[in-house]
Amino acid sequence: MKKVISTNNAPAAIGPYNQAIEVNGMLFLSGMLPIDPSTGNIVPGGVKEQTTQIFNNIEGVLAVAGATLDNIVKTTVFLDDMSLFGEMNEVYGSRFSGTFPARSAFAVEALPKNALVEIEVIAVK
């Protein structure tokens, strides 16, 4: 049975999808943008600030489901440009303790709301 996971501590879905779905102890989080949930706007700054906000949003969704960043087993990172990878990776690496999840990273033509980065995750409780 699918369970919808939703919180005000992360940006609301901007289309026909949910922030996350839980199935059999697995959490599938939609791609998170660097939106400050209190303003509804992309956070100011560059890819480091945007990556930080994304992880704050991910933590908000995971918390509602009873999970933390340590429960993440897979991430997919979408970048506006691969030249941003190094700065994103600095923040990314600092947010995990212990074992890092599996990861894929791609450069894409454009991201919603002109974001520089978007990250989706799969976690297991």
Between [Y] and [X], is there a side-chain heavy-atom distance shorter than 4.5 Å?
{"X": "V117", "Y": "D80", "value": "no"}
{"X": "K3", "Y": "I21", "value": "no"}
{"X": "F78", "Y": "I119", "value": "no"}
{"X": "I58", "Y": "R95", "value": "no"}
{"X": "L111", "Y": "L116", "value": "no"}
{"X": "N9", "Y": "P37", "value": "no"}
{"X": "E59", "Y": "L69", "value": "yes"}
{"X": "S30", "Y": "E120", "value": "no"}

Interatomic distance, [X] atom [atom1] to [Y] atom [atom2] [nearest 0.5 angstrom]:
{"X": "E49", "Y": "I42", "atom1": "CD", "atom2": "CD1", "value": "12.5 Å"}
{"X": "E109", "Y": "D81", "atom1": "CD", "atom2": "CG", "value": "12.0 Å"}
{"X": "I72", "Y": "T99", "atom1": "CD1", "atom2": "OG1", "value": "13.0 Å"}
{"X": "I35", "Y": "N57", "atom1": "CD1", "atom2": "CG", "value": "8.0 Å"}

Report task. State which residues pass salt bridge (Lys or Arg N to Asp or Glu O under 4.0 Å) with E22; sequence neighbours excluded, sorted by chain then number. Result ->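 E22 satisfies salt bridge (Lys or Arg N to Asp or Glu O under 4.0 Å) with K125 only.
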Query - Sequence-distant partners of R103, salt bridge (Lys or Arg N to Asp or Glu O under 4.0 Å), two or more places apart - result: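 Once residues adjacent in sequence are excluded, R103 has no partner under the salt bridge (Lys or Arg N to Asp or Glu O under 4.0 Å) criterion.
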Requested in this report: Using a cut-off of 6.0 Å, state whether more than 12 heavy atoms not belonging to K74 lie near its atom NZ.
Outcome: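 Yes, because the 6.0 Å sphere around NZ of K74 holds more than 12 heavy atoms from other groups.
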Honestly curious: do [X] and [Y] fall in one hydrophobic cluster under the side-chain, below-4.5 Å linking rule?
{"X": "M32", "Y": "L79", "value": "yes"}
{"X": "V64", "Y": "I54", "value": "yes"}
{"X": "M26", "Y": "L29", "value": "no"}
{"X": "V43", "Y": "M88", "value": "no"}
{"X": "M82", "Y": "V77", "value": "yes"}

Query - Geometric class of the F96/Y92 ring pair [parallel <30°, tilted 30-60°, perpendicular >60°] - result: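 Rings of Y92 and F96: tilted, 30 to 60°.
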Requested in this report: Run the numbers on T68 and L62 for side-chain contact (heavy atoms from CB on, under 4.5 Å), then give the verdict.
Outcome: CA-CA 6 Å; T68 69; L62 290 173; 5.7 Å; no
Closest heavy-atom pair and its distance - [X], [Y]:
{"X": "E118", "Y": "G31", "answer": "OE2-CA, 3.3 Å"}
{"X": "F106", "Y": "T76", "answer": "CE1-CG2, 3.9 Å"}
{"X": "L27", "Y": "A65", "answer": "CD2-CB, 3.6 Å"}
{"X": "D70", "Y": "S97", "answer": "OD1-OG, 3.4 Å"}
{"X": "A10", "Y": "V61", "answer": "CB-CG2, 3.6 Å"}
{"X": "Q19", "Y": "I5", "answer": "CB-O, 3.7 Å"}

So, [X] side chain and [Y] main chain: donor-acceptor pair closer than 3.5 Å or not?
{"X": "E87", "Y": "L84", "value": "no"}
{"X": "T51", "Y": "K48", "value": "no"}
{"X": "N71", "Y": "A123", "value": "no"}
{"X": "N18", "Y": "A13", "value": "no"}

Requested in this report: Using the side-chain contact (heavy atoms from CB on, under 4.5 Å) rule, take L33 and I14 through it: C-alpha gap first, then chi angles, then the decisive distance, then the call.
Outcome: CA-CA 10 Å; L33 292 171; I14 57 174; 4.2 Å; yes
